[in-house]
Every structure is written in structure tokens, then in C-alpha cells.
Amino acid sequence: MPVPIRKQYFKMNNYFKILEKIKHKKARIGVIGQGYVGLPLSVCFAKNGFSVTGLDVDKKKVQAINRGENYLPEMGIDRDLKKAVRQGRLRASSEIILEVKGQDVIIICVPTPVDKKKKPDISLLKKASSDIGLAEPKGKLIVNESTVAPLTTLSIVGKIITQKSRLKPGVDFFLACSPERINPGDSEHRLENTPKVVAGLGLRDLQLVKTLYKQVIKAPLVTVGSLVAAETVKMLENSYRAVNIALINELAKFCQKINIDVLEIIEAAKSKWTFQAHWPGIGVGGHCIPVDPYYLLAEAKRHGVKMPVLEKAMAENESMPRFVLDQILSVYQPGQKVLVYGLAYKRGVKDIRESPALELCRLMKKKQINFAVYDPYFRAAEVKNLGFEPGKLEAVDILVVATDHSQLKEDAKKLISKKTIIIDGRNFFKEKVGSKVIGVGRRLE
Ligand code: SAJ
């Protein structure tokens with residue numbers, strides 16, 4: 001049924017009003033979720049002249065932001081955050097519904113994890129959508145940055161907003177999707193210099209989201225033709241990484257068996273232009289690569305499409321902590337002094353979400369291996385709170401490298417003696433040190 005003239009007029013009026021506001025950085029922006037995605041994004045918009053409200057149910061995060069304190073050291077936003085708060089461009093609140101009412105643009109950046117059965121858990125996304133709906137978002141632009149399964153932004157976010165507000169997406173409010181590409185601990189690829197994928201429900205929704213990100217992203221915007229296309233781009237990016245890491249982990253097991261060096265193989269293969277190098281290791285952690293592909297698998301299953309390659313790849317990556325455990329068991333003698341170096345899921349971050357290091361420690365405990373843990377990013381008390389014995393930087397019999405933090409270069413001098421055996425879960429040591437190095441896909445004896 002055609003949209004009545006009057007409604008068309010209001011729609012056009014809403015559209016031009018918010019477009020002007022965005023163009024002149026007068027649009028007030030609310031960012032729901034102040035974690036690894038939402039906080040840097042809030043600071044980025046504030047730094048570029050917008051008035052931003054960071055929204056989060058976690059009162060501690062809200063208080064820290066309003067004090068100008070950054071709780072994500074690896075995001076490199078300390079100074080910009082402090083300045084934005086001091087200038088009154090950035091503030092934070094837990095009054096989600098109330099605050100959403102006062103914004104022109106709402107960006108959803110809530111976590112989308114999986115549950116214990118690896119099933120997508122979109123409860124926080126549904127809550128955010130419901131809060132936005134209850135705030136009657138007439139004439140507002142809603143952007144979803146949370147990683148979701150294809151079709152979710154319209155069929156879940158849009159639908160819940162409509163259920164709560166009786167407002168229609170693309171008619172009474174504008175709906176867009178721009179999947180986050182935040183890479184914690186990576187100072188080279190920052191928000192501003194990473195190409196940004198954008199999509200809108202309709203042309204006006206698209207124009208608004210493009211105009212918005214153009215104000216802050218220096219890298220090219222990558223426009224795709226539909227919300228589902230943008231969601232699927234993100235699924236592909238992280239599934240592609242999971243599958244390639246799984247392949248190299250499988251190859252590493254083969255190389256170990258026939259005693260050749262997987263790193264030598266990778267270095268040589270890099271000379272071929274079609275080859276993109278990935279590295280074998282103790283496993284895949286973080287909130288993205290071990291999680292997002294399960295969203296794609298679940299949605300494919302809902303459509304009766306099997307994805308055995310991706311399924312197997314996830315299982316292969318999840319098998320790596322056990323592979324490293326077997327290396328430890330091949331040399332371990334009760335009574336030996338064992339230290340696990342690293343808890344974080346990758347180097348340079350203090351983040352243990354889905355960390356393979358934690359999984360390895362759990363498996364070692366189950367095997368009654370007596371060990372201590374040291375991670376330069378965690379205080380002894382924090383290691384203890386995680387249920388492990390805090391380790392010291394002194395010589396050990398077996399050093400297990402679970403996270404290849406750069407500090408290991410120096411710390412190794414205190415940890416490794418002539419008789420130390422290194423189980424190198426991240427192939428950190430390129431040359432032989434100690435009595436021998438058993439890596440993933442290589443041995444140095
Ligand atoms: N890993 C390997 N071998 C590799 C690369 C990584 O074992 O060759 C392991 C890492 O040690 C880590 C895990 O995989 O445990 C994930 O590492 P990552 O470098 O992919 O880091 P994330 O999860 O912090 O960031 C990823 C990135 N995605 C891609 O590169 C496709 C980042 O760009 C995304 O923004 C982020 O996921 C996200 O938010 O989706």
C-alpha cells in the first residue's frame with residue numbers, strides 16, 4: 001500500500017532534518033555498549049566534533065568515562081577520551097531509554113557472544129533494540145555495528161523496535177548496518193584508517209549512514225546494496241580467517257609428524273601472490289574469530305544450507321589447546337617446575353575472552369600437572385582470582401608459551417636455563433633456546 005502523501009512529507013522532512021544535523025555535526029549521537037567497539041567509536045565521534053553519549057548498563061564503565069578514564073588500555077584512546085569529556089563532547093549514562101530519546105543517531109555496539117553450546121546469544125542485542133523501541137525513535141537513524149548473523153538487523157533489531165514503538169523502519173525511523181572492524185592491540189589499523197562497510201535499508205537510510213561515517217572515517221567507505229549484504233561481509237571476513245588458521249594448524253600437525261619446519265614452509269609460500277599467510281598456534285581466542293562463524297553456521301542451518309568446511313575449521317582450531325597439552329605431556333615429569341607464559345587470547349592485549357591459554361590451563365589442571373602462570377598484563381592477584389598460582393620470572397624446567405607477548409623477549413632471559421624445555425604454543429622462539437623447543441609444527445633440538 002503506497003505511503004500516504006502526508007506521511008511521505010513527514011518522512012522527507014525527517015530525512016532532510018537529520019541529514020542537515022549530521023552534515024553540520026549537530027546530530028547528537030548515542031552509542032549503546034561501551035566495550036571494545038562502542039568506547040573507541042564514541043571517542044572518535046566526539047573527537048570529530050559531535051556530541052556523544054556513551055550508554056552502558058555497567059555503572060562502573062559509565063563513572064570511569066565521566067571521570068575521563070579509559071579502561072581499555074590497548075585501544076590507545078586515553079588522551080582523546082580525557083579531552084572529549086573535558087570539552088563536554090562525551091558523557092556517559094546508564095539511563096538507556098531516557099537518553100535514547102535525546103539523541104538523533106543511535107549506534108548499537110553490544111556484544112553478540114555464543115552460549116556454551118556455541119549457539120548465538122543475541123539477548124543483549126534484543127534488549128538494546130527494545131530500549132530503542134520504547135524510546136520512540138521517530139526520525140532517528142539507528143545503526144547496527146554489532147556482529148550478527150545475516151538478516152538480523154531488519155528481522156530482529158528493526159522488528160523489535162517496531163513492536164515496541166509501532167514505528168516502521170525506513171518510514172518513521174532510518175535503519176542502517178556498518179559491522180565493526182575493531183582490532184584490539186593493533187595501533188596500525190585504527191578506526192579512522194580502516195575501510196568501513198556501510199548499508200542502509202533504503203536509499204535515504206544509506207545516504208544518512210554514509211554522511212555520518214564520512215565525518216569521522218578517513219579511509220574509504222565501502223557501500224553494499226543491502227543490510228544483509230553488510231552483515232554477510234562481516235561473517236565472511238571472520239570465517240575466512242578461522243578457516244585459514246584451521247588449515248595452517250592442520251598443516252602444522254603434519255609438519256610436526258614428518259619433522260619439517262612449518263614456519264619455513266609459510267615463509268616460502270608467502271612468495272606466491274595468491275597466498276595469505278596465517279600462523280599455527282595454541283588456538284583461536286577473542287570475541288570474534290572463535291564466535292562469529294557460529295552465527296553464520298546457525299543462519300545457514302536455518303536455511304537448510306550445510307557449511308562443513310567452516311564447521312570443521314572451528315573444530316580444528318578448538319583442538320589446538322589439546323595438541324599443545326600432548327606436547328607438554330610428552331616431556332613432563334611430576335615435580336618439575338612448569339610455568340605457563342600468557343593468559344590473554346593474543347599478544348599485546350589484556351583480554352582473556354575465549355582465550356586458548358585458559359583452555360590449556362584448564363586441561364593441564366585436569367591432568368594434575370603442577371604449574372604456575374605469568375602474564376605481564378595481569379597482576380599476581382588477578383592470576384590468583386582466575387584460579388591459578390601466580391608465577392615468578394625465574395628459571396623453570398618447562399616453559400609453556402601460551403601468549404606471545406613482546407615482553408617475553410626480555411622475560412625469557414630470567415625464565416630459560418640450559419636445561420629448560422620450551423613448549424612454544426605461539427612459535428615465538430625462531431632459534432633454539434634452552435635444551436629444546438617444541439613448537440606447533442616445528443621442533444628445535
Ligand atoms: N590467530 C592465529 N593465527 C593467525 C592469526 C590469529 O592463531 O594467523 C589467533 C590469535 O592468536 C587470536 C585469534 O586468532 O587468538 C584472533 O586473532 P585476530 O588477530 O584475528 O584478532 P581479533 O579477534 O582481536 O580481531 C579479529 C580481526 N578480524 C580479522 O582480521 C578478520 C579484526 O580485524 C576484527 O575487527 C575483529 O576480529 C572483530 O571484531 O571481528
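These figures come from a predicted structure and were not determined experimentally. FYI, side chains are in, hydrogens and waters are out, and symmetry mates aren't considered; it's all heavy atoms of this structure. Both counts, for ligands and for their atoms, begin at 1 and track the order of listing.
Numbered from 1 in the order shown, with element, the atoms of ligand 1 that lie under 4.0 Å from a heavy atom of Pro184 read 24 (O). With ligand atoms numbered from 1 in the order given, ligand 1 contributes 7 (O), 11 (O), 15 (O) to contacts under 4.0 Å with heavy atoms of Arg426. The distance from ligand 1 to the heavy atoms of Ile245 drops below 4.0 Å at these ligand atoms: 1 (N), 2 (C), 3 (N), 4 (C), 5 (C), 6 (C), 7 (O), 14 (O). Every atom of ligand 1 is numbered from 1 in the order shown, and the set under 4.0 Å from a heavy atom of Arg181 is 35 (O). Close approach of ligand 1 to Ile182 (heavy-atom distance below 4.0 Å) involves ligand atoms 32 (C), 34 (C), 35 (O), 36 (C), 38 (C), 39 (O). Close approach of ligand 1 to Glu180 is summarised as follows: ligand atoms under 4.0 Å from at least one heavy atom of the residue are 35 (O), 38 (C), 39 (O), 40 (O).
Proximity of a side-chain donor or acceptor of Thr112 to a complementary backbone N or O of Thr147 within less than 3.5 Å is detected. In terms of modelled atom types and a separation under 3.5 Å, the side chain of Glu231 and the main chain of Leu151 share a donor-acceptor contact. Remark: the backbone N or O of Pro113 is paired with a side-chain donor or acceptor of Tyr295 at under 3.5 angstrom.
Residue His278 touches ligand 1 through backbone and side chain together, judged by heavy-atom distances below 4.0 Å.
Residue-ligand proximity: Arg347 is placed with every non-hydrogen atom at 4.0 Å or more from ligand 1. For the pair Cys288 and ligand 1, a heavy-atom separation below 4.0 Å is found. Under a 4.0 angstrom heavy-atom cut-off, Lys234 registers as being in contact with ligand 1. Taking 4.0 Å as the cut-off, Thr147 does not count as a neighbour of ligand 1 on heavy-atom distance. Assignment of Gly283 to the shell around ligand 1 is supported, since a heavy atom sits closer than 4.0 Å. Using 4.0 Å as the threshold, Gly281 has no heavy atom nearer than that to any atom of ligand 1.
Closest heavy-atom approach to atom 24 (O) of ligand 1 among the candidates Tyr36, Tyr345, Trp279: Tyr345.
Of the candidates Val291, Asp292, Leu297, Val291 is the only one forming a side-chain contact (heavy atoms from CB on, under 4.5 Å) with Val114. None of Leu343, Val383, Val340, Asp411 except one satisfies the side-chain contact (heavy atoms from CB on, under 4.5 Å) rule with Tyr374; the exception is Asp411.
Here the heavy atom of the protein found nearest to atom 5 (C) of ligand 1 is Arg241 NH2, 3.4 Å. Among all non-hydrogen protein atoms, the one lying nearest atom 28 (N) of ligand 1 is Asn238 OD1, 3.2 Å. Among all non-hydrogen protein atoms, the one lying nearest atom 17 (O) of ligand 1 is Lys346 CD, 4.2 Å. Protein heavy atom closest to atom 14 (O) of ligand 1, with residue, atom name and distance, is Val284 CG1, 3.6 Å. In terms of protein heavy-atom proximity, atom 26 (C) of ligand 1 is nearest to Ile289 CD1, 3.9 Å. Among all protein heavy atoms, the one lying closest to atom 27 (C) of ligand 1 is Asn183 OD1, 4.0 Å.
A salt bridge is absent between Arg347 and Glu74: the closest approach of a Lys/Arg side-chain nitrogen to an acidic carboxylate oxygen does not fall below 4.0 angstrom. Using a 4.0 Å cut-off between a side-chain N of Lys or Arg and a carboxylate O of Asp or Glu, Glu99 and Arg91 qualify as a salt bridge. A salt bridge does not link Glu359 to Arg322: none of the charged nitrogens lies less than 4.0 Å from a carboxylate oxygen.
Annotation: cation-pi pair Lys196/Tyr213 present, NZ/CZ under 6.0 Å from the ring centroid and within 45° of its normal.
Classification of the Phe50-Phe45 ring pair by plane angle, with boundaries at 30° and 60°, yields perpendicular.
Heavy atoms from other residues, nucleotides or ligands lying under 6.0 Å from NZ of Lys337 number more than 12.
Using modelled atom types, one finds a donor on one side chain and an acceptor on the other under 3.5 Å when comparing Tyr240 with Gln276.
Of the N or O atoms in Gly285, one or more lie within a sub-3.5 Å distance of an N or O in ligand 1.
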